[in-house]
Amino acid sequence: MGKRTIVVPRQKKYDEHVNDHQLFFANEVKNKGYNIVLIDDIDDLEKVLSKTDSDNIAFKSNNDKFILEFKKQIRSLM
C-alpha cells in the first residue's frame, strides 16, 4: 500500500516478554520476502524512523479518509 512497515517485537532481553517468539515470527515473515523493517535493537529505531524516502516511497496520510469513513459508520448507527 506504499507504506513502510516497521516491526519492533517485544524481547526477553528488555524484560518485555518471557521469550522471543515475536522476534522469531518477525524474522520468519521477513525471510519469506515480505518488505518489513525489523528492529531487533531498539537503539536503531530512531535511525530507521528518520530515514527519508530511501525506499522511494512517498508518504501519504490516510487520516482524512479514515475520519470521513468513521463518521459515516457512526452516523449509520444513529
Please table the atom pairs, donor to acceptor, closer than 3.5 Å between any side-chain atom in residues 18-28 and protein atoms at least two apart or in another chain.
from  : atom 1 : to    : atom 2 : distance (Å)
Asn19 : OD1    : His21 : N      : 3.1
Asn19 : OD1    : His21 : ND1    : 2.6
Asp20 : OD1    : Lys12 : N      : 2.8
Gln22 : OE1    : Arg10 : N      : 2.8
Asn27 : ND2    : Leu23 : O      : 3.3

Do the side chains of Val8 and Val37 join up, straight or via other hydrophobic residues, at under 4.5 Å, putting them in one cluster?
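Val8 clusters together with Val37.
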Does atom CG of Asn31 have more than 12 heavy-atom neighbours, drawn from other residues, nucleotides or ligands, at distances under 6.0 Å?
yes
So do the side chains of Lys47 and Asp44 get within less than 4.5 Å of each other, counting heavy atoms only?
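In contact.
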Side chain to side chain contact (heavy atoms under 4.5 Å, CB included) between Leu38 and Val29, intermediate numbers included:
CA-CA 10 Å; Leu38 176 59; Val29 170; over 6 Å; no
Quick one: pull up CD1 in Ile42 and CD in Glu16 and give me the separation to the nearest 0.5 Å.
7.0 Å
Working to the nearest 0.5 Å, report the span between CD of Gln73 and CG of Leu68.
10.5 Å
Out of the candidates Asp41, Asp43, Leu49, only one should pair with Leu45 under the side-chain contact (heavy atoms from CB on, under 4.5 Å) rule; please name it.
Leu49
